[in-house]
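Here is the structure we will look at.
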Amino acid sequence: MDFGTIAKPISEVAHNLGDYESFRRSFSWEAARAELQGLPGGGINIAHEAVDRHASGARAGHVAIRWLGRQGAVEEYSYRDLSRLSARFANVLRGLGLAKGERVYALTGRIPELYVAALGTWKAQGVFCTLFSAFGPEPIRARMAIGEARILVTTETLYRKKIAGIRASLTALRHVLIVGEDGKAPELEGTLDYRRLLEAAHDQFTIPPTDAEDMALLHFTSGTTGTPKGAVHVHGAVIAHHITGKLALDLHAQDIFWCTADPGWVTGTSYGIIAPLTNGLTSIVDEADFDAERWHEILERERVSVWYTAPTAIRMMMKAGADLARARTRPALRFLASVGEPLNPEAVRWGVEAFGLPFHDNWWQTETGGIMIANFASMDIRPGSMGKPLPGIEAAIVQAGSDGSLRIVDTPNSEGELALKSGWPCMFRAYLHEPERYRKCFSGDWYLTGDLARRDADGYFWFVGRKDDVIKTSGHLIGPFEVESVLMEHPAVAEAGVIGKPDPMAMELIKCFVALKKGFEPGEALKKELLAHARKRLGAVVAPKELEFMDNLPKTRSGKVMRRLLKARELGLPEGDTSTLEGS
Ligand code: AMP
């Protein structure tokens, strides 16, 4: 269906990216780097660019983070505050013996201490890794084990619920720092009090020389098979975080910016922590979970000017009705953006109906580290399209030739895999400890994204689907293997296959198919037991919502469950090539 275009809204603010083509021609990564300061002795460090640079200049007293607590508390942190608090945290890490490159994990939810921990870790040359607080113990254990977590910052509640039971298995973990809740000191054996340590630490810290290629971030993502993959990002990535925030989100220093993503996922770090700080603006951080009324209130009361959110949230707001939005005034709001899943054309248009502004879709992934394709503020929008590549980014549609070589497809609207020419600063540098899995993502200079897409005659990219079986549910990327493995732990389960089943709100729901071992009978009680087991081990986001018993699961002759076939049968679609099916 053709949804036409939406003309760019009139804006009183001059856009950072004016004419797309001429900006693209004149862009260079060297010039982008020159917008940042670099460390006094050379090199580049994310925390220096995000806070110390501003703390020693005119923006020192400007509010960097305005935190909205779940119960109504409000706390403000200026660039100076963040610089000093993160210096204290860096001193704490040094005192605890953290060596360069060692990993500091945070499992906290959106609280101010998370932001301080991230910045302090970068100052101390540690590697920061956030975990989504809605994960259950198993995804947490797997991610901490792969990254050899040395230090963990968490809250008392999350420690008791999710860490205490797995701590003994985390052999690399040396210290757990607990953020006490309701102002109280924690009372947990074998842990340290985050606040007490911070209070005792000195508030000055000189960042040691940091190379642009030093590892700074570890972000986990999921594949179709095997364990989660730890995508490694480096300090030099900050150049791209900064410039993509400036160009794709049109961030200006006077903005009040609200990125609704949780820092447990890459958007919440690249655009929830780093890009807004390097751009010197005020970020809203809301501790609470989605609530349509609350979100409308925040947009109005906090005078949000740039809002970066996700399709599932937009769809939930659409369900709550445009009247809720129209009942409020938001004179400051000027740019709406969305990422994480395909954004329906209806949702783009609904933005105009409800807020007087369209949503601008953009595309990227954990591996790319920053926005790669976007609908820019200065361009007309094609609803349903992801937009055009960022300056400095070369994107193409590729297909494998019959000899396995890569062919760039130039014919407009041909489908193929979306590929990006290597070399931008925030591209992942490795999957931790898995060089082979990393190597397989590339063909020559091209990084293969695993997404299928097409490009129209005017250069707009359109998302078609995933090449693999990875599931997107409510914006979260879930690996079916991780879910299947937990189901297989249950004594009744012989085989498990997990698929994403289309859902109007969450995009996909996790559905599992289970074959039982001899001696177990399918029934409602066992179904509930299996779903509860998965929920307890995986957490609500990752656990399947539906379960179906089967006598046998369709498998290849080599014994691999054919998820593709499970999905085709579930949706009543053609089964495609079944020549490798067992028994065929
Ligand atoms: P993650 O690594 O968790 O950020 O997930 C990245 C994946 O989300 C991409 O490879 C796409 O499959 C999907 N994705 C992200 N942004 C978009 C978008 N704007 N439209 C469609 N799919 C998207």
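Just so it is clear, the structure is predicted and the values come from calculations on it, not from any experiment. Whatever order the structure lists ligands and atoms in, that order sets their numbers, starting from 1.
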I need the full list of salt bridge (Lys or Arg N to Asp or Glu O under 4.0 Å) pairs touching residues 304-320, with sequence neighbours left out, sorted by first then second residue.
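Listed by first then second residue: R315-E341.
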Just grab all the salt bridge (Lys or Arg N to Asp or Glu O under 4.0 Å) pairs involving residues 351-380, residues at least two apart or on different chains.
R326-E353
Can you name the atoms of ligand 1, numbered from 1 with element, that are less than 4.0 Å from a heavy atom of [X]?
X    : value
P342 : 20 (N), 21 (C), 22 (N)
N362 : 16 (N), 18 (C), 19 (N)
K472 : 1 (P), 3 (O), 5 (O), 6 (C), 7 (C), 8 (O), 13 (C)
R466 : 7 (C), 9 (C), 10 (O), 12 (O)

Between C426 and T368, is any pair of side-chain heavy atoms under 4.5 Å apart?
no
I need the nearest protein heavy-atom contact for [atom]: residue, atom name and distance, please.
atom                    : value
atom 18 (C) of ligand 1 : E341 O, 3.4 Å
atom 11 (C) of ligand 1 : D451 OD2, 2.9 Å
atom 14 (N) of ligand 1 : G340 O, 3.2 Å
atom 17 (C) of ligand 1 : W363 CD1, 3.5 Å
atom 6 (C) of ligand 1  : Q365 CB, 3.3 Å

Given the side-chain rings of F355 and W307, with only the six-membered ring counted for Trp, is the space between their centroids under 6.0 Å?
yes
Using a 6.0 Å distance limit plus a 45 degree cone around the ring axis, check whether R143 lies over the aromatic ring of F135.
yes
Are K229 and F220 in a cation-pi setup, meaning NZ or CZ lies under 6.0 angstrom from the ring centre and within 45 degrees of the ring axis?
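No; the conditions do not both hold, so K229 does not lie above the ring face of F220.
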Applying a 4.0 Å heavy-atom criterion (strictly less than), which segment of T366 is in contact with ligand 1: side chain, backbone, both, or neither?
both
Residue portion contacting ligand 1 (non-hydrogen atoms closer than 4.0 Å) for W364:
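Under 4.0 Å from ligand 1, W364 contributes backbone atoms alone.
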Given 3.5 Å as the limit, does a donor-acceptor pair link the side chain of R437 with the main chain of P435, or not?
no
Would you call the rings of H233 and F428 parallel, tilted or perpendicular, where under 30° means parallel and over 60° means perpendicular?
tilted
Out of L452, T449, L477, I371, whose heavy atom is nearest to atom 3 (O) of ligand 1?
L477
